[in-house]
Amino acid sequence: MTRREELAAGLAAVRSRIATACAAVDRDPEGVTLVVVTKFFPASDVRLLADLGVAHVGENRHQEAEAKAQECAELSLTWHFIGGLQSNKAAAVTAYADVVESVDRTKLVAPLTRGAQQRGREVDVLLQVSLDPPGREGRAGAEPAALPGLAAAVADAEGLRLRGLMAVAPLGEDPAPAFARLAAIHHDLLLEHPAATWLSAGMSGDLEQAVQAGATHVRVGSAVLGSRPAVQ
Ligand SMILES: *Cc1c(COP(=O)(O)O)cnc(C)c1O
């Protein structure tokens with residue numbers, strides 16, 4: 001099998017999983033955007049994916065993302081930044097990221113705004129919310145209680161568009177109840193910010209549960225590209 005054939009097979013399998021998950025809850029698959037997470041994989045894979053019809057790619061490390069986006073600059077791809085953001089890198093991310101999915105604290109709003117304004121562009125923002133029990137170490141995302149303040153800060157910022165929420169299911173837990181909590185949190189956000197309709201949830205292992213909970217974006221890496229090197 002060529003790499004192109006491998007990627008085509010992975011994509012077909014994931015698209016069929018999305019279609020089946022949508023059918024089970026009577027949703028239109030057009031309402032679910034597939035973001036293929038290309039972290040750790042080379043720009044050559046991004047090119048093949050674009051050629052196979054992928055329109056959205058996700059990356060989680062700034063330096064790697066910046067280099068890959070430059071190498072693929074002529075492709076019409078929407079780049080999603082999905083990783084932990086340092087405030088001193090946040091402005092630079094707006095050079096290539098069309099969507100920043102991992103905004104989890106108000107400290108990021110000023111540098112993102114500055115980056116977007118310098119480049120004269122609008123950046124779509126998702127707020128990353130933690131679905132972990134309070135106090136668990138090591139997983140990213142804002143506490144749900146902090147979302148109203150964070151949402152207001154993004155909504156008021158020039159050059160940033162508040163689009164919705166992003167979350168990762170807690171490790172070692174059934175993703176379905178976690179995504180149900182996420183859907184309830186999203187519902188509350190929509191009362192205040194009716195345009196924030198995007199819900200990014202679901203990865204290779206739990207995209208069905210995310211689609212069932214109303215995800216509009218799924219972020220899928222290994223099910224399309226194969227397994228990543230174990231060490232980051
Ligand atoms: C790596 C990553 C994904 C994709 O994970 P897979 O299990 O390979 O599908 C999705 N979301 C985030 C935030 C990630 O870092």
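Whatever order the structure lists them in is the order used to number ligands and atoms, beginning at 1.
Heavy atoms only, all atoms of each residue included: Leu75 and Val46 are closest at CD1-O, 4.5 Å.
Of all the listed residues (His80, Gln128, Arg228), Arg228 holds the heavy atom that lies closest to atom 8 (O) of ligand 1.
Alongside Val35, the hydrophobic cluster contains no other residue (criterion: ILVMFWY side chains under 4.5 Å).
Taking the charged nitrogens against the carboxylate oxygens, Lys68 and Glu71 have no contact shorter than 4.0 Å, which rules out a salt bridge. Contact check on Lys39 versus Glu59 returns no salt bridge, with no Lys/Arg side-chain nitrogen under 4.0 Å from an Asp/Glu carboxylate oxygen. With salt bridges taken as basic N to acidic carboxylate O contacts below 4.0 Å, none links Arg105 and Glu143.
Checked by atom type, the side-chain pair Arg163/Thr197 shows no donor-acceptor distance below 3.5 Å.
Scanning the protein heavy atoms around atom 3 (C) of ligand 1, the nearest turns out to be Met203 SD, 3.7 Å. Atom 12 (C) of ligand 1 has Ile82 CD1, 3.5 Å as its closest protein atom, hydrogens excluded (heavy atom only). Here the protein heavy atom with the shortest distance to atom 14 (C) of ligand 1 is Lys39 NZ, 3.0 Å.
Within ligand 1, counting atoms from 1 as listed, the ones closer than 4.0 Å to a heavy atom of Val220 are 9 (O). Close approach of ligand 1 to Ser204 (heavy-atom distance below 4.0 Å) involves ligand atoms 6 (P), 7 (O), 8 (O), 9 (O). Remark: ligand 1 atoms within the under-4.0 Å shell around heavy atoms of Arg219 are 4 (C), 9 (O), 10 (C), 11 (N), 12 (C), 13 (C).
Contacts of Arg181 classified as side-chain hydrogen bond (donor to acceptor under 3.5 Å, both in side chains), with partners at least two apart in sequence or in another chain: none.
The distance criterion of under 3.5 Å between nitrogen or oxygen atoms is met by Gly221 with respect to ligand 1.
Not a single heavy atom of Glu101 sits closer than 4.0 Å to an atom of ligand 1.
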